[in-house]
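In this chain, numbering begins with 1 at the start of the sequence shown. Start at 1 and go down the list; that is how both ligands and their atoms are numbered.
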Amino acid sequence: MSTTFTIDTATSRANPMPAPMKRLTVPAIQRRKFDGKTEQPLVMLTAYTVRMAQLLDPHCDMLLVGDSLGQVIYGLPSTLAVTLDMMCAHGAAVVRGSYHSVVIVDMPFGSYESSPEAAFASASRVMADTGCAAIKLEGGQAMAPTIRFLSERGIPVMAHIGLTPQAVNVLGGYGARGRSQQEHEKIMADAKAVADAGAFAMVLEGVVEPIGAAVTQSVDVPVIGIGASAQCDGQVLVAEDMLGLFERTPRFVKRFGDIAGRISAAVETYANDVRSRAFPGPEQTYAPKD
Ligand code: KIV
């Protein structure tokens, strides 16, 4: 499928339009796990902008507008200062840039934890402002009543358990979870609680590998791993990490490209061409009318 588009600046739509594909739905994602098994693992990547959405969309089942955009786009030290306004703006851009994937938008820290009603107010705004199909929120047993409240009121919820970055100050860092028996049992209980509460899927982040496999076997809904296990029902990564935009990435990231190297080389050539007056050349300048 061609991924060469220009963007119509009036509508932010791709031009030409990619071949129309029926967008996947939340129930279709859920049905990919059948009888406790997912034949073909689900593919999810983060996207924060229209152009990245256009490039990733044809290859993915789900695009996650993650609150990791706080670090990746805004250079913040953690996800804690990310706002609903940021999530709505980036979520809308990703929906505009995609035609195929289910778009899921992260609920930012502070927008959903205080009560199911507060979560509904924030999540319904995200859904209305962005056109996304689902939201994601962090937390296990403590968030189960909220997940039930939202799901029963028309808001599909992807849960996020294991290493939950919004709880970094409670966890004391971003290290893998589940090394003690107590943590192992808590993660298993969290998975069961969010699945029972109606989450259509869950992200399982940063856990020792056997827990990844055990959680995946223990629940009926798809488990999307990140730093978890190849046995999960799908995988997610931050797109900029797997594309090689950063020098340092967590252990669980595999680099599938070297975007930083390619940008650097292109910009070095541009700078040399500007300094030597090789750019702009005759092809990039306007001739006067005869
Ligand atoms: O915010 C994010 O990008 C995420 C993924 C890492 C799962 O939650």
Side-chain angles (χ1 to χ4, degrees), residues 29 41-49 52-53 56 60-84 86-91 93-94 101-113 122-123 126 130 132 134-140 143 147 156-168 171 173-177 187 190-191 194 199-207 212 215-216 221-229 232-243 245-246 248-256:
I29 295 294
L42 290 153
V43 179
M44 179 159 110
L45 281 173
T46 60
Y48 317 119
T49 61
M52 280 296 271
L56 306 181
C60 290
D61 300 303
M62 291 176 280
L63 292 177
L64 172 66
V65 188
D67 62 351
S68 52
L69 63 77
Q71 286 123 314
V72 177
I73 301 282
Y74 292 95
L76 294 168
S78 74
T79 55
L80 298 185
V82 171
T83 64
L84 263 182
M86 289 177 186
M87 297 313 300
C88 287
H90 288 275
V94 169
S101 309
V102 171
V103 177
I104 300 149
V105 177
D106 252 345
M107 300 300 296
F109 180 63
S111 70
Y112 64 94
E113 300 89 333
S122 301
V126 166
T130 67
C132 71
I135 59 93
K136 174 166 84 58
L137 56 80
E138 295 184 11
M143 280 300 125
I147 292 171
V157 179
M158 174 177 272
H160 183 156
I161 62 167
L163 170 62
T164 47
Q166 292 176 9
V168 62
L171 301 177
Y174 296 103
R177 313 301 300 169
I187 294 166
D190 281 343
V194 299
F200 77 91
M202 68 187 79
V203 165
L204 178 62
E205 177 168 1
V207 295
V215 165
T216 305
V221 297
V223 175
I224 313 298
I226 172 165
S229 168
C232 290
D233 301 299
Q235 302 293 329
V236 58
L237 284 174
V238 169
E240 284 76 357
D241 284 344
M242 54 79 72
L243 290 170
L245 195 64
F246 298 110
R248 284 190 59 230
T249 51
R251 173 192 162 80
F252 56 77
V253 173
K254 177 173 169 184
R255 283 170 185 247
F256 291 84

Counting from 1, what ligand 1 atoms have a heavy atom of [X] closer than 4.0 Å?
{"X": "Lys136", "value": "4 (C), 8 (O)"}
{"X": "His160", "value": "8 (O)"}
{"X": "Asp67", "value": "1 (O)"}
{"X": "Thr46", "value": "3 (O)"}
{"X": "Gly66", "value": "1 (O), 2 (C), 3 (O)"}

- Message: Yes or no: does Met44 have any heavy atom under 4.0 Å from an atom of ligand 1?
- Response: no

Where the side chain of [X] meets the backbone of [Y], is there a donor-acceptor pair that is under 3.5 Å apart?
{"X": "Thr130", "Y": "Cys88", "value": "no"}
{"X": "Glu240", "Y": "Ala47", "value": "no"}
{"X": "His160", "Y": "Glu138", "value": "no"}
{"X": "Arg251", "Y": "Gly227", "value": "no"}
{"X": "Ser101", "Y": "Cys60", "value": "yes"}
{"X": "Tyr174", "Y": "Leu163", "value": "no"}

* Asked: Any side-chain heavy atom of Asp61 sitting closer than 4.5 Å to one from Met44?
  -> no

Note: Asp106, heavy atoms under 4.0 Å from ligand 1, region reported as side chain

Give the residue and atom name of whichever protein heavy atom lies nearest to [atom], and the separation in Å to one decimal.
{"atom": "atom 2 (C) of ligand 1", "answer": "Ser68 OG, 3.2 Å"}
{"atom": "atom 7 (C) of ligand 1", "answer": "Leu64 CD2, 3.7 Å"}
{"atom": "atom 6 (C) of ligand 1", "answer": "Ile226 CD1, 3.6 Å"}

